[in-house]
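We name chains A, B, ... by the order of the sequence lines, and we start the count at 1 in each one.
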Amino acid sequence: MTIFRDLSQHILDIAENGVKAGATLLHITIEENFAADTLRIVVQDNGSGMNAETLAKVEDPWFTTRTTRNVGLGIPFFKQAAEMCGGSFRITSEPGVGTITEATFQHSHIDRPPLGDLAGTLLCMIVGFVGVDVLYEHRVDGRTFTLDTREIRAVLGDDVPFSDPDVLAFLNESLHDGQVLLQGETN
Amino acid sequence: MKSLEELQKIKERALQRRKLAGEGARARIIVAMGTTGIAAGARDTMAAILKELEKRGITDVVVTQTGSAGMSTYEPVVQVQVGDGELVTYGNVDAARAATLIEKHVLGGEVVAEWQVK
């Protein structure tokens with residue numbers, strides 16, 4: 001059982017936790033290795049992190065940092081999704097430093113959810129998380145695509161937001177070019 | 001990534017346009033993006049909103065996301081505020097509804113009462 005249709009939704013949910021914990025940088029790494037038949041997703045944030053006690057509870061579906069809401073509810077679902085697909089899940093955290101959530105899947109596993117609308121998901125993060133930068137690194141076999149909003153922010157300055165239509169088009173085209181690059185010439 | 005020189009040109013154009021349009025945002029849109037919101041499709045809702053801004057060349061709308069709206073039965077939940085007007089909460093906002101809200105409420109200034117939740 002899982003509540004999300006695709007892995008991008010899991011990534012967004014984990015990123016949301018980081019932003020709630022005060023992160024200013026989200027580092028999202030996706031590694032697809034066809035020879036090893038693995039898909040690895042790492043979401044690293046520089047938020048407030050968790051102590052050992054909280055960390056031990058966080059994979060428990062009944063745990064939340066707030067009593068009436070569902071913060072952190074997505075973590076056990078992500079863990080379950082990975083473990084159901086011949087993979088593994090690990091979350092490490094350090095108070096004051098941040099949290100690293102890492103899920104590995106058997107790439108070809110029949111139950112592995114698709115990555116889904118990764119570009120749309122990244123746009124939601126880049127525009128929607130105000131004041132938070134996103135470093136997106138995606139590797140497929142030997143090919144790598146990187147998008148770092150700190151570089152983009154440095155050019156745009158404070159007066160042009162990421163939601164500007166021309167900036168949105170630039171981001172969309174960049175992410176599309178990235179997908180083409182990652183697919184490689186043989187596809 | 002596409003070239004940063006290209007981005008520099010985009011910035012100059014955007015600044016010029018902003019100077020002509022004057023200061024301030026026409027409206028703000030908030031998408032509830034907690035775990036239950038994402039499960040209900042809030043990511044696709046927000047992607048549709050951004051697509052509309054890009055397609056229609058809208059420069060003066062601020063889009064942000066927030067955690068759970070605490071209204072799980074109505075998710076995806078989107079809030080729209082035009083100028084200093086009322087912050088209106090809409091429920092079950094899928095991608096198609098999001099596009100309509102941009103047209104009717106954000107651009108037309110008309111609250112879509114039938115999708116409003118109170």
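For the pair B:A47 and A:C124, the tightest heavy-atom approach, listed with the atom from each and the gap, is N-SG, 3.9 Å. Closest approach of A:D117 to B:R43, counting heavy atoms only: O-NH1, 3.7 Å. For the pair A:F4 and B:T35, the tightest heavy-atom approach, listed with the atom from each and the gap, is CE2-O, 3.6 Å.
A:L115 and A:L147 fall within a single hydrophobic cluster, where Ile, Leu, Val, Met, Phe, Trp and Tyr are joined by side-chain heavy atoms under 4.5 Å apart, directly or via other members. A single hydrophobic cluster is not seen to contain both A:I100 and A:I11; linkage of ILVMFWY side chains at heavy-atom distances under 4.5 Å, directly or through other members, places them apart. Cluster annotation: A:V19 is not connected to B:I30 through the hydrophobic network of ILVMFWY side chains, with a link wherever side-chain heavy atoms come within less than 4.5 Å. A continuous path of ILVMFWY side-chain contacts below 4.5 Å connects A:L7 to A:L182, so both sit in one hydrophobic cluster. In terms of hydrophobic clustering, with Ile, Leu, Val, Met, Phe, Trp and Tyr side chains grouped at heavy-atom distances under 4.5 Å, B:V112 and B:V88 are assigned to a common cluster.
The backbone N or O of A:V160 lies less than 3.5 Å from no partner atom in the side chain of B:K11, so there is not a single donor-acceptor pair.
Within the 4.5 Å cutoff, no side-chain heavy atoms of B:E54 are placed close to those of A:S163. Under the 4.5 Å side-chain criterion, counting only non-hydrogen atoms from C-beta, A:E151 is in contact with B:L4. In this structure, A:L12 and B:Q65 have side chains that are in contact, with non-hydrogen atoms separated by less than 4.5 Å.
Counting heavy-atom pairs closer than 4.5 Å to chain A, the top-ranked of the candidates B:L53, B:V63, B:L50 is B:L50. In terms of heavy-atom pairs under 4.5 angstrom with chain B, the leader among A:V155, A:L171, A:N172 is A:V155. The greatest number of non-hydrogen atom pairs below 4.5 Å with chain A, out of B:K55, B:R56, B:R17, B:R13, is found for B:R17.
Side-chain atoms of A:D164 and B:T59 form no donor-acceptor pair, as typed in the model, at a separation below 3.5 Å.
For B:D44, the part sitting under 4.5 Å from any heavy atom of chain A is the side chain, from C-beta outward, and nothing else. Proximity to chain A is absent for every atom of B:V31, based on heavy atoms less than 4.5 angstrom apart. Interface remark: A:E16 contributes side-chain atoms only to the contact with chain B (heavy atom separation under 4.5 Å).
The line from CD1 of B:I38 to CG of A:D13 is 4.5 Å long, rounded to the nearest 0.5 Å. Once rounded to the nearest 0.5 Å, the distance linking CZ of A:F170 with CG of B:L7 reads 4.5 Å. Atoms CG and CD, from A:L168 and B:E52 in turn, are 12.0 Å apart once rounded to the nearest 0.5 Å. Interatomic distance, B:E6 CD to A:S174 OG, rounded to the nearest 0.5 Å: 7.5 Å.
The interface of residues 127-139 of chain A with chain B, defined by heavy-atom distances below 4.5 Å, comprises A:V127, A:G128, A:F129, A:V130. At a heavy-atom separation below 4.5 angstrom, chain A is approached by no residue within residues 98-109 of chain B.
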